[in-house]
Amino acid sequence: MRHVSVVIRTFVGIALMAAASSFAAPAIPENSMGLSKTSVFATPTPKVYQENPAQPGSSKLLPRAYLGAPPQISHSVGDFLPITPQSNMCFACHNQPSQWGQKREKGMATAIPPSHYTDLRNAPGKVTENLVGARYNCNQCHVPQTDAPALVRNTFSGGRAR
Amino acid sequence: MTVSRRDFLKQSLVVSSATATGLLPVSEVANAAVKSAEAGWRWDRGVCRFCGVGCAIQIATENGRIVATKADVDSQVNRGLTCIKGYFNGKIIYGKDRLTQPLLRMKNGKFDKHGDFVPVSWERAFDEMEKQFKRSYRELGPTGVGFFGSGQQTVQEGYAAVKLFKAGFRSNNIDPNARHCMASAVAAFMQVFGIDEPSGNYDDIEHTDTMVLWGANMAEMHPVLWMRITDRKMKEPNVRVVNLTTASNMSSNIADMEIVFKPSTDLAIMNYLAREIVTRDAVDWEFVNKHCAFAAGPTDIGYGMRGTDKFDYPAEKDTNAKELVMQLNAAEAVAQGKQAGATVEQKNRTAPDKHWLITFEDFKKGVAPYTLDFVAELAKGDPDESLDDFKAKLKLLADLYIEKSRKVVSFWTMGFNQHQRGTWVNEQAYMLHLLLGKQAMPGNGAFSLTGQPSACGTAREVGVFSHRLPADMVVNNPKHRDFSEKVWKLPAKTLNPKVGSHFTKLLRDLEDGSMKWAWIQVCNPFQDTANANHWIKAAREKDNFIVVSDGYPGISTKVADLVLPSAMIFEKWGAYGNAERRTQLWREQVPPPGQARSDVWQIIEFSKRFKLKEVWGEQKIPGLKDEGFADGKLPDVLSGSGYSPEATLYDTLFATAENKQFKWPDKIANGHANHTAALLGGDWFPEKALFEEYAQFGRGHAHDLADFDVYFRDDVRGLKWPVVDGKETHWRFNEAYDPYVKKGSGFDFYGSAFKSLPRGDLGGITDQAKVDISGKAKIFFRPYAAPAEEPDQHFDLWLSTGRVLEHWHSGTMTRRVRELHFAVPSALLYMHPEDAKARGLKQDDTAWVESRRGKIKAVVETRGRRNRPPKGLVYVPWFDEGVFINKVTLDATCPISKQTDFKKCAVRIYKA
């Protein structure tokens, strides 16, 4: 339920912002358009962004983009990569099947859900004891977040509970 | 001794893995929350907007907006999985700066190239677009106008654009950004098999036990296939994965063996493997004798550069001069059996694709110099690796390929395709598999992956290329023109036999003034084309008119004269075709915002503004020389055609009696709207009509598509063509699977292009009499050739470019999704820490990256978390318009395929 309420808050916020700014300027200079507000002939100096320094266990969960979207990683991951066949550091904390259906205690890692223990290609519907190999590379779906500001507002609002 | 956190976690990993996991049901509470949220949502199928894998997704909409997407569990491609980008198929359309009205550069109420953008009506936009088109068309003829298409256009968009340009305007100046992406793959398919696209499919991953990646970082670029590969590897101890690359990357993390080689030396490694196959007597002679022929071609073919220095910056002249004369280096001389230091005039730069049959003995002579010693010395890409280690790896690679009982799949994408000898190196992959008899069977095959979601389905199959027509036909073949003219009901000789300008040449045409009007759809050529300083300047400073249809403003929009707001992916009906020949269709899910409209509508609506008398009269085509045509011109085809000179291209090409038989509304819509149909009058179904008309080209020609409606059936998640008698084809050219294979042949490489050839030896043609090799595939000998530009004392590092997992192409969609943007906010300069140190640079410093063509600034990344380049090479992704790396890259191409090599040029790096 927690994710759902976060989604509601996000939705309301975006809806208010969207209402506040919806007029068009009469003429638009090219340098005000796009993601780099500069001339195509210019050479901007890129900003340096820092990855989230939060340690596992100390960070706040990030809101999901929408119901069913993969959670973003709320802590630093530098020490845990790369994921290799011999070593998956994410698994060390997040492999918590005993926590399925339980309320997550503060400071505990989010348990990898049962879907990730289900081989959808070969044995759909069966939750097994092992993480499915297709889900082994966590960072193909779950990504850490830096301190960069958004380039452009996005008005997507995910599904919400009624 | 302290225990690091990493060690501690390693220990706890072992402990937690050993702990028995209790099996609990999914939380009932969570289930209830999902059900409650989903009440009122409408779910329908779609296909992922991003890469060439072609994952099927489900899309939820509520009140005219997309609220969620999820991977389709019933899809054979992705079985309930997508990558991080795939989860944002819904969110990409909701960036606040969507283009929602046409914008025209104006001053004082009039079009002015130096004006700012002013919102105008569609009517006003088309008026100016028409006026400017007709000005260029009247002045320069059909080659004075051009169209930039895309491997992300829907099948219908590509088809409508091809029909308008080739049949309507009689211009072959239409080419897709897919030229940058897989033209080398196409050229190799045509030369080796005589027909385009792979024999295998993604199920090869589950059937094989050996997967070799050649310049394909699948972990980032084909993530869902990488999930399948990882799954296979974790399940089967016998499975081996090898990653050949010029920089260590995420795919290396899972691979059993990583081979870091020097740029372009893949050509030499391939020939080492071929030499081993021959030397170890491992050729599958039964397969080769029955199904293959040996071939070779010229080596003095240039590097796809201009061949004139008229437009060069002074610093570019030395590299560009190699287009005409190249001095062979020592390795190249050995590899090609020539004298070191010899200057070779690139005599065959205008006929790079010609080839001839050779004997096996000649082939053997060709690969003879590629000994382990020679190749290892040449190819070792990491200065810190010992030569012995590198040799051992090459030998092990040969063992894996050759082991009789091993099935092998070779995967590649941009590393091979974006290569100054891209066609050659693609052909070498088939060389290995054909020699070994490991091709076109489950788990065995050379598998060319593709980059974009419909590079295959649209660009290649529809033929959105300057030389192509639908279903592998080409404009310079009279039979193909004749067939197309019949399907399109055109007077004979309407179609232009002269190949038009390829993607990079379209930009060169803008610079030299031979083209003055261009329309860009679903791509960002001014960001994605190498040597970009030339092209952005040409767009802004030359006499031309550039129209950009897009969902968001990007670099190309900023240099445009007219911007048209386009409906994005699920705001229109469409079809995509992925890299395993699978065609997938979707319905319009939500309405486009504001006045944004589909590209199909834009093309069809624009066609209303042309009468046949304006386009089908005599037209000049500079340089046209073809049998049955007067030099330099296309004939008047209107008189005696039965068509009225006053009829429009809309009446003639699109709103035909046949097309109007496809009625809208149609029950297949199942409650979904169609804004394109509504705007065109509401009584016919343009996307279905275009699809069915297009399908006529391929049916019966081994490119058979099913009926439009079949793709929407509940039990269908796309179908792999050819679809014959309702059945898709899993493996082509194999009698057990492919209905087009001659009965009793076992294998039949039935593609018909380039199957009648003269004979020769490694030096050239010796006997002009043509030999027919129908049904056979070619095993080419292709030598190592050095790239046109290599690091030297002034520009001392290799630069390679590419993508990252989190962003798509030029980033115009994914950078507007905060989750993706926060993950990778800018393009970094990945380099070896010691290369950085030697230049006084460290992590997070800002550096200049400079080549002969331009310079940009980027932030240094040396921690090796994503890419770990060896000393001597740096990598910069191209998604970030703020780190405009294509101002630096070299626009050399494979001379056969005309695909740009974005993977290698020389740069210098210093502190900013």
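From a predicted model like this one, the values you see are computed outputs, not experimental measurements. Computation of the quantities below employed the complete heavy-atom set of this structure, encompassing side-chain atoms and omitting hydrogens, waters and symmetry-equivalent molecules.
- Between chain A and the options B:Glu220, B:Arg232, B:Glu206, the largest number of non-hydrogen pairs under 4.5 Å is found for B:Glu206.
- Only the side chain of B:Leu103 has a heavy atom closer than 4.5 Å to any heavy atom of chain A.
- Minimum heavy-atom separation, B:Thr82 to B:Ala71: CG2-CB, 3.5 Å.
- For chain A, the nearby parts of B:Val859 are the backbone and the side chain; heavy atoms of each come within less than 4.5 Å.
- Per-residue counts of heavy-atom pairs under 4.5 Å with chain A were compared for B:Val73, B:Thr846, B:Val118, B:Thr230; the largest is that of B:Thr230.
- Note on B:Lys235, B:Lys70, B:Arg65, B:Met250: by heavy-atom pairs under 4.5 Å with chain A, the leading option is B:Arg65.
- Between the side chain of B:Asn78 and the backbone N or O of B:Leu81 there is at least one donor-acceptor pair closer than 3.5 Å.
- With a 4.5 angstrom heavy-atom cutoff, B:Gln76 touches chain A via backbone and side-chain atoms both.
- Contacts of A:Gln140 with chain B are made by both backbone and side-chain atoms, with heavy-atom separations under 4.5 Å.
- Comparing A:Lys47, A:Gln96, A:His142, A:Glu51 by heavy-atom pairs within less than 4.5 Å of chain B, the highest count is held by A:Glu51.
- The closest donor-acceptor contact from the side chain of A:Asp119 to the backbone of A:Arg121 lies under 3.5 Å.
- Judged purely by atom type and a 3.5 angstrom limit, B:Glu861 uses its side chain to pair as donor or acceptor with the backbone of B:Arg863.
- Comparing B:Arg866, B:Lys855, B:Arg105, B:Glu806 by how many heavy-atom pairs each has under 4.5 Å with chain A, the most go to B:Arg105.
- Interface remark: of the candidates B:Phe884, B:Trp226, B:Phe526, B:Trp226 forms the most heavy-atom pairs closer than 4.5 Å to chain A.
- Contact annotation for B:Ile254: both backbone and side-chain heavy atoms come within less than 4.5 Å of a heavy atom of chain A.
- Using modelled atom types, no side-chain atom of B:Ser75 and backbone atom of B:Asp72 make a donor-acceptor pair closer than 3.5 Å.
- In this structure, the portion of B:Met234 lying under 4.5 Å from any heavy atom of chain A is its side chain and not its backbone.
- The backbone N or O of A:Phe91 sits less than 3.5 Å from a side-chain atom of A:Asn88, completing a donor-acceptor pair.
- With a 4.5 angstrom heavy-atom cutoff, B:Tyr552 does not touch chain A via any of its atoms.
- Here the CZ-CZ distance, from B:Arg865 to A:Phe80, works out to 10.5 Å after rounding to the nearest 0.5 Å.
- For A:Pro124, no part sits under 4.5 Å from any heavy atom of chain B, backbone or side chain.
- Residue pairs meeting the salt bridge (Lys or Arg N to Asp or Glu O under 4.0 Å) criterion with at least one member in residues 811-827 of chain B, sequence neighbours excluded: B:Lys91-B:Glu819, B:Asp97-B:Arg816, B:Arg815-B:Asp880.
- A pairwise comparison of heavy atoms in A:Val40 and B:Lys887 identifies O-NZ, 2.8 Å as the closest pair.
- Across A:Asp147, A:Leu35, A:Thr118, the residue that shares the most heavy-atom pairs under 4.5 angstrom with chain B is A:Leu35.
- Chosen from A:Ala150, A:Pro46, A:Ala148, the residue pairing most often with chain B at heavy-atom distances under 4.5 Å is A:Pro46.
- For the options B:Ala255, B:Ser826, B:Ala823, heavy-atom pairs under 4.5 Å to chain A are most numerous at B:Ala823.
- Proximity to chain A is limited to the side chain of B:Arg540, based on heavy atoms less than 4.5 angstrom apart.
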A:Ser39 and A:Asn31: side-chain hydrogen bond (donor to acceptor under 3.5 Å, both in side chains), yes or no, with the steps?
CA-CA 5 Å; A:Ser39 160; A:Asn31 296 350; 4.5 Å; no
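- Taking B:Lys233 as the reference, B:Asp256 meet the salt bridge (Lys or Arg N to Asp or Glu O under 4.0 Å) condition, with sequence neighbours excluded.
- Checking side-chain atoms of A:Thr128 against main-chain N and O of A:Asn130 turns up a donor-acceptor pair under 3.5 Å.
- For the options A:Pro144, A:Gly68, A:Ser115, A:Ala69, heavy-atom pairs under 4.5 Å to chain B are most numerous at A:Pro144.
- Both the backbone and the side chain of B:Ile536 come within contact range of chain A, judged by heavy atoms closer than 4.5 Å.
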